[in-house]
Enquirer: 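I have a structure I would like to understand better, so I am pasting it below and will then ask my questions one at a time.
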Amino acid sequence: MLQTLLAQVREFKKPSLITPVFVILEVIMEIIIPYLMASIIDSGVNQGSIQNVCLIGLCMLAAAMLSLIFGVLAGKYAARASTGFSRNLRKAMFDNIQNYSFSNIDKFSTAGLVTRLTTDVTNVQNAYQMILRLCIRAPFMLICAMFMASRISLSLSGIFWGAILFLGIALFLITSHVHPLFMKVFQKYDDLNSSVQENVGAIRVVKAYVREDYEVNKFKKASGNIYSMFIKAERLLVFNTPLMQFAMYACILLISWLGAQMIVSDSLTTGQLMSLFTYVMNILMSLMMISMIFVMITMAKASAERIAEVIDEQPDILNPACAVREVKDGAVEFDHVNFKYKADGENNVLEDICLTIRSGETVGIIGGTGSAKSTLVQLIPRLYDVKEGSVRVGGVDVREYDLETLRDEVAMVLQKNVLFSGTIEENLRWGKKNATREELERACRLAQADEFIRALPEGYKTYIEQGGTNVSGGQKQRLCIARALLKKPRILILDDSTSAVDTRTDALIRKAFREEIPDTTKIIIAQRISSVQDADKIIVLNEGRVENIGTHEELLKSSPIYRDVYESQTTKSQSTEEGGVVRE
Ligand SMILES: Nc1ncnc2c1ncn2[C@@H]1O[C@H](COP(=O)(O)OP(=O)(O)OP(=O)(O)O)[C@@H](O)[C@H]1O
Ligand SMILES: [Mg+2]
């Protein structure tokens, strides 16, 4: 994990290495100051030498100035290194997510990915900054201050050892109790984020079902959990300061008492005693920092692991080495295809599928919900890879194609289609970046979208809100079809893409397809028989198997499932709802 993360430091190696150098210089200056203070008292004040006072005073001033400058520089480089590091982390995660196949995406929740890209990266960034500055500073300061203190008086420095031992044990006890609490806090954060994301994303559904109170309670519980866990952790952490102060004042008292006796017996000077006091502070502060680092690192570790998971996830659909860059025609073949979503899943979602679709044919797919219609068509543009058997497009196995070529030629309107925030024109251009106005309009005419777009006050420049909330369901579907058509694909797949379009418009779309793009293979998944009945052939799927293939008339005779669906839709006034397809 560490390797994965550190690889992302990249161009920020230099500031990452410079920071500790400045930190060391800063510490050296801070250590010199008490030493100089001792000599200003001993060889200046006590001896009445104003010259010495001035000279050493100037040295102290210089040391203080240098310490300040080094401190500022260390801070600057640490900030540059840590923010750069977090930028690289985010970029690496985002880039890798873009390469994920559908099955990679299935492994992570959206809320989880968002938390990883935001909160987790911020945690790691803060920890990295702290590590660069404090990880060197605290131990170095501790060692230097101990060294200097024992040089002044070996016997008095024994007091420090006592304090270190006392504080070390106390801090260890505190952090070891706090750590598991923080680990739990992070898990709870995920719950909170997913609750917020789900609620905000589906706020309309929440309102429609008047579930506000339920959602508010859910949120209250999630944030209450974090609150109480933090309180528990902080309740332990607050002991840090009093313990530290106790140790500090105990040291000062002991040193004053023993030191005074030593001064009387002439084995210690006043100046030395003064500098010992400063070293007490330095030593105990370093200990405090070490305990903070410990807490911070344990907190960041959980985040770091979550980030590394995203970066290390290997996209399982990759471009082949010698990719085929041309799709000959729109023929599709399924050759004994078996498929399941999870490798360790028990049953196949698709079982022994054999199909042949000729280029230019119109094929309808009918089947109950969960009969694996979407799963079947997702194999054609290689959104998922088959587990056994093969899928061929234009006579070539889809795994041999360059992915971009394949997906340009196989345009698919997903069942859960989305529009992005931006104008209608910008959304359509996802299909073809540099499409001319004529091309845009033609695609929209084919998808029966042109008319309603023109009726909008701003036409093609109308702004679509995030998620396409300001267009109707049917309008959104037509825009998505137009977007796919702009690719001028050899194969066009519509996954339940006209479910929200009225039957007349649906018929017009099919007519336009028949007349205007006769050479394109059209695969249409539908719940309504009327959407597929004039297709060249209709595939009836049942629980992941092909139950029957034929034309409308043939299937009415040979397929009981198809006949059932047909009858339920003709006798019950053309239902369009989900239950329109009856499962066996
Ligand atoms: N991403 C996924 N991960 C795991 N299982 C999935 C995934 N997508 C679908 N499934 C499962 O695969 C089966 C087939 O789903 P699929 O979406 O292909 O059905 P469908 O025929 O398109 O249904 P609908 O008519 O409701 O769209 C279902 O049992 C479903 O639970
Ligand atoms: Mg589906």
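Each residue takes its place number in the sequence, starting with 1. Numbering of ligands and ligand atoms starts at 1, following listing order.
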Enquirer: Quick check: Lys342 and ligand 1, any N/O pair under 3.5 Å apart?
Expert: no
Enquirer: Using a strict cut-off of 4.0 Å, indicate which atoms of ligand 1 neighbour a heavy atom of Gly368.
Expert: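 Once the distances to Gly368 are compared, the set is 21 (O).
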Enquirer: At a 4.0 Å cut-off, with the gap strictly under it, does some heavy atom of Val349 reach an atom of ligand 1?
Expert: yes
Enquirer: Regarding Gln415, does it place an N, O or S atom less than 2.8 Å from the Mg ion (ligand 2)?
Expert: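 Yes, within the cut-off.
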Enquirer: When you measure from the centre of the six-membered ring of Phe94, is the NZ or CZ of Arg90 under 6.0 Å away and within 45° of the axis?
Expert: no
Enquirer: Do the side chains of Arg399 and Asp385 get close enough for a salt bridge, i.e. N-O under 4.0 angstrom?
Expert: no
Enquirer: Can you confirm, on distance only, whether ligand 1 has an N/O atom lying under 3.5 Å from any N/O atom belonging to Ala372?
Expert: yes
Enquirer: Counting heavy atoms only, name the option from Gly544, Ser374, Gly370 that's nearest to atom 29 (O) of ligand 1.
Expert: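 Shortest heavy-atom distance from atom 29 (O) of ligand 1: Gly370.
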Enquirer: Salt bridge or not for Glu361 and Arg358, using N-O below 4.0 Å?
Expert: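 So Glu361 pairs with Arg358 through a salt bridge.
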Enquirer: With distance as the sole criterion, is a donor-acceptor pair present between the side chains of Asp316 and Tyr384 under 3.5 Å?
Expert: no
Enquirer: Do Gln415 and Ser499 make a side-chain contact, defined as non-hydrogen atoms from C-beta onward lying under 4.5 Å apart?
Expert: no
Enquirer: List every atom of ligand 1 that sits less than 4.0 Å from any heavy atom of Gln527, numbering the atoms from 1 in the order shown and giving each element.
Expert: 25 (O)
Enquirer: Just to be sure I read this right, does ligand 1 sit under 4.0 Å from the backbone of Asp106, its side chain, both, or neither, counting only heavy atoms?
Expert: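 Just the side chain.
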Enquirer: Compute the minimum heavy-atom distance from Gln378 to ligand 1 and say whether it is under 4.0 Å.
Expert: no
Enquirer: Hey, is the main chain of Ser101 close enough, under 3.5 Å, to the side chain of Asn104 for a donor-acceptor pair?
Expert: yes
Enquirer: Quick check on side chain to side chain contact (heavy atoms under 4.5 Å, CB included): which of Leu383, Ile523, Leu494, Val410 does Val377 satisfy it with?
Expert: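 So, applying the side chain to side chain contact (heavy atoms under 4.5 Å, CB included) to Val377 and each of Leu383, Ile523, Leu494, Val410, only Ile523 qualifies.
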Enquirer: With a cut-off of under 6.0 Å to the ring centre and 45° to the axis, is Arg116 in cation-pi contact with Phe108?
Expert: no
Enquirer: Based purely on interatomic distance, does Thr369 place a nitrogen or oxygen under 3.5 Å from a nitrogen or oxygen of ligand 1?
Expert: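 No, Thr369 has no N/O under 3.5 Å of an N/O on ligand 1.
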Enquirer: Phe339 vs Tyr341 aromatic rings, parallel, tilted or perpendicular, using cut-offs 30° and 60°?
Expert: perpendicular
Enquirer: Is it the side chain (CB and beyond), the backbone, both or neither of Phe339 that lies under 4.0 Å from ligand 1, heavy atoms counted?
Expert: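 No part of Phe339 comes within reach of ligand 1.
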Enquirer: May I ask you to check whether Ser374 brings an N, O or S atom to under 2.8 Å from the Mg ion (ligand 2)?
Expert: yes
Enquirer: Heavy-atom contacts with Tyr384 under 4.0 Å: which atoms of ligand 1 show up? List them by number with element.
Expert: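 So the atoms of ligand 1 that pass are 1 (N).
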Enquirer: Which ligand 1 atoms are under 4.0 Å away from a heavy-atom of Thr375?
Expert: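 Matching atoms, with element in brackets: 14 (C), 15 (O), 16 (P), 18 (O).
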